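Since we're looking at a predicted model, the values are computed, not measured. Starting from 1, each residue takes its place in the sequence as its number.
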Amino acid sequence: MDQTQPEDGKGHKRTRSAVKATSQPSTTIPPPSSSSTTTTTPAPTPPSPNPQFIPQPTPRMHPSHTPRATSPLPRSPALSPTPGTPRRPPPGSTAPFRPKDFSFLLRPEIFHPLTPLNIPPAFRNSTKQPPPETPLPELLEKGHFRAAAISAVQTLTGTGRTPQQPDPSDHVRIFDLLYTRWACLTLINSTDLAAQEVKALGDLNSAFYLSEDPTSGKTHHLVPWGLRVLNVRLQAIGFGDLRRAVMSYYELAREARVRLGEAMGEHDNSSRELWRERLEDLGVRVAGVLVEMGDVKGAGAYLRGLKVGDGGKMEMMRALLWLRLGDVDAARGCVMNGEGRGVTRGEKVVLALCDMADGEYEEAVAKWRELEEEEEGDEMVMVNLAVSLLEGMVDAGRSSHTLLFNLTTMYELCTERARSLKVRLSEKVAAMEETNDGWEKTNADFKL
C-alpha cells in the first residue's frame, strides 16, 4: 500500500512505496563430501505448514546432520525439503525424481581393518585360505566369514579387484553389502567393530531412508528389514545403552503392526504371515535384551504376557529364554502346549536341556542318545551328551581332578555363565561324603 505525507507545509506529496521482499529459491541439500563425518544421529526438522516464510539456503552437510533452529521462522513445506531427500517436481512436470545419494556409506574411513594377528598361524598359512578374487557368495557358502567381511568392504569402497564399486544410488546393493559386512563381523566375534561402523547409518527413522511409491502413494523403507533389526543391537552396543535396543525394537514393532493391519485389510495372506512372524520375533528379542540387562523379574513378566504362535521357532526361542531365567517348568510349557501333534526335534532338544537343568542326567542322556540316532554327527547333541555323562559321574559321587577339570572346561565352551556353574559344581562336590581320594578341593580344581 502506498502512503502519502505532506512536506514543508506545501501541497507537494512524496510517494514512498513499500519494498517487496524477493525470495531466493530453496535448494536441495546435496550429499556429503568425502570429508564429512557420519557419527551424528540424524534428526530432520519437520516443515511447518505456514507457507509465507522462505528459509535461507543451507550449507552442504551429511544427511544425518541437521542444524539446530536458530530462528523462530517456520519452514515452507514446498520450498524446504527434508535434507538429503530428492526434490519433488512441480505439479504437471514430467521431470523424474533424482535418486538419493548414499555415497557417504562408501567412504573407506568408515570401516576398520581386520588384523590377522588374532588368527593362529595354522589358519593364516593354510592353503585353504581363499584367493583375493574369490566371489563373495562363495566365501559365505564355505564359511570364510572373515574373508567375506573384507571382501564386502573392498566392494563398497572400490578397493577390491572384483566386482565394481556399486553406484551411490544403488541402495539395494549397498545395504546388502553392509549387512554382509556386519553380520560376518558378529560371527567372528568382532561385534565391537561392527558396533562402531554401524554408526555411519545414523538414525534409520529419518525421512532420508524413506521412499514413496508414486503409484500407490505408500511409504516404504529403503533399508531391508534384516539390516534394521541388526542395526538395533549394534547401535545399542556401540552407545553402551541396552535400553536403546528395547525402545528401538518397540519402534519396529509399531511399524510391523501397521503393516500387519494393512495386509489383513488387503487379504494378503503371505504378507500377513511375514509381518506376524516379524512381530513375534521382535517380542522375543525384547525379552532377550531384558535378560541381558539383568532385569530377570521384568523379563519373566514380559515373557508371560508375550503371545506367539503355537510351536515353531518363536516358542523355541522363548523356551530357551525361560531356561536362562531358571524357570524350567515354564520352558517345558512352551514346547508341550501343542496337542494332537508329534514332538519336533527342536522340542526334544529343549526337553533334554530341561532334564539337565533339573539334574536328571540319566533322563537327559537317554534323550540325547535318541537325538544322536536320528542325526549322527550333530555337534550340539554330542557336546550336551558329553556334559550330561560328566555331570552324571559327579552325581554318582566321583570327583577326581581330571573329571572336574574336563567338566569345568565344558562349561567354558558351552555357556557364558561358566563361573556360576563352576561355583554350583563346587557346592555339589563339597556336599559329598569324605573319601580317601581327598575331599577338599582348591580353586584350581574348578578353574575358578
Side-chain angles (χ1 to χ4, degrees), residues 182-183 185-187 189-192 194-195 198 225-226 228-254 256 276-337 346-359 364 380 383-384 387 408 410-425:
W182 295 327
L185 288 180
T186 303
L187 291 172
N189 297 322
S190 296
T191 308
D192 55 336
V198 79
W225 184 262
R228 295 173 67 187
V229 174
L230 178 62
N231 171 76
V232 169
R233 175 165 178 78
L234 294 179
Q235 289 268 9
I237 295 175
F239 289 101
D241 185 7
L242 291 178
R243 294 173 298 178
R244 182 189 184 103
V246 175
M247 294 184 290
S248 298
Y249 282 141
Y250 268 97
E251 288 291 335
L252 291 178
R254 184 179 296 110
R276 177 177 286 119
E277 290 178 2
R278 288 178 173 178
L279 188 59
E280 293 176 352
D281 174 70
L282 291 172
V284 176
R285 289 180 184 274
V286 170
V289 174
L290 293 176
V291 173
E292 195 170 355
M293 292 171 58
D295 188 359
V296 178
K297 184 177 180 180
Y302 180 85
L303 279 175
R304 291 186 183 91
L306 185 62
K307 296 180 180 179
V308 298
D310 295 333
K313 176 183 177 182
M314 294 301 106
E315 284 288 5
M316 299 293 301
M317 294 174 64
R318 189 166 70 158
L320 294 176
L321 283 174
W322 278 122
L323 281 175
R324 187 168 181 179
L325 290 173
D327 195 331
V328 181
D329 292 335
R332 282 197 177 96
C334 291
V335 298
M336 297 180 67
N337 288 331
E347 291 170 342
K348 292 179 181 179
V349 170
V350 172
L351 293 176
L353 292 173
C354 289
D355 288 339
M356 294 178 66
D358 281 340
M380 181 271 299
V383 168
N384 282 284
V387 173
T408 52
M410 294 294 291
Y411 290 157
E412 294 173 348
L413 296 174
C414 297
T415 178
E416 297 177 355
R417 300 183 298 113
R419 180 172 179 80
S420 62
L421 294 177
K422 293 176 184 179
V423 172
R424 189 182 67 177
L425 177 61

Write down the atom of [X], the atom of [Y], and the distance for their closest heavy-atom approach.
X: Leu323; Y: Cys354; answer: CD2-SG, 3.9 Å
X: Leu279; Y: Ala256; answer: CD1-CB, 4.0 Å
X: Gly298; Y: Leu290; answer: O-CD1, 4.1 Å
X: Ala319; Y: Val350; answer: CB-CG1, 3.9 Å
X: Ala287; Y: Ala299; answer: O-CB, 4.2 Å
X: Tyr249; Y: Val289; answer: CE1-CG2, 3.7 Å

side-chain contact (heavy atoms from CB on, under 4.5 Å), that's the test. Do Val284 and Met316 meet it? Break it down for me. CA-CA 10 Å; Val284 176; Met316 299 293 301; over 6 Å; no

Measure the spacing between [atom1] of [X] and [atom2] of [Y] and express it to the nearest 0.5 Å.
X: Thr191; Y: Asn189; atom1: OG1; atom2: CG; answer: 6.5 Å
X: Leu353; Y: Arg324; atom1: CG; atom2: CZ; answer: 14.0 Å
X: Leu230; Y: Trp182; atom1: CG; atom2: CH2; answer: 8.0 Å
X: Met247; Y: Leu242; atom1: CE; atom2: CG; answer: 11.0 Å
X: Leu303; Y: Asp327; atom1: CG; atom2: CG; answer: 9.5 Å

Holding to side chain to side chain donor-acceptor pair (under 3.5 Å), I want the full list of residues that pass it with Glu251, two or more places apart in sequence or in another chain.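 Testing Glu251 for side chain to side chain donor-acceptor pair (under 3.5 Å), a comparison that skips the adjacent residues, returns Arg254.
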
Looking at side-chain heavy atoms only, is the closest gap between [X] and [Y] below 4.5 Å?
X: Met317; Y: Leu320; answer: no
X: Leu325; Y: Val291; answer: yes
X: Leu252; Y: Trp225; answer: yes
X: Glu315; Y: Val335; answer: no

Using the rule given for side-chain contact (heavy atoms from CB on, under 4.5 Å), can you reason through Val349 versus Met380, listing the C-alpha separation, both sets of side-chain angles and the distance that settles it, and then say yes or no? CA-CA 10 Å; Val349 170; Met380 181 271 299; 3.9 Å; yes

side-chain contact (heavy atoms from CB on, under 4.5 Å) assessment of Arg285 paired with Val232: CA-CA 10 Å; Arg285 289 180 184 274; Val232 169; over 6 Å; no

Might you work through the side-chain contact (heavy atoms from CB on, under 4.5 Å) test for Leu282 and Tyr250, ending with a clear yes or no? CA-CA 8 Å; Leu282 291 172; Tyr250 268 97; over 6 Å; no

So does [Y] get a backbone contact from the side chain of [X], meaning a donor-acceptor N/O pair under 3.5 Å?
X: Arg304; Y: Gly300; answer: yes
X: Tyr411; Y: Val387; answer: no
X: Asp281; Y: Glu277; answer: no
X: Arg318; Y: Leu306; answer: yes

Out of the candidates Gln235, Arg228, Arg233, only one should pair with Asn231 under the side-chain hydrogen bond (donor to acceptor under 3.5 Å, both in side chains) rule; please name it.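 The option that passes is Gln235.
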
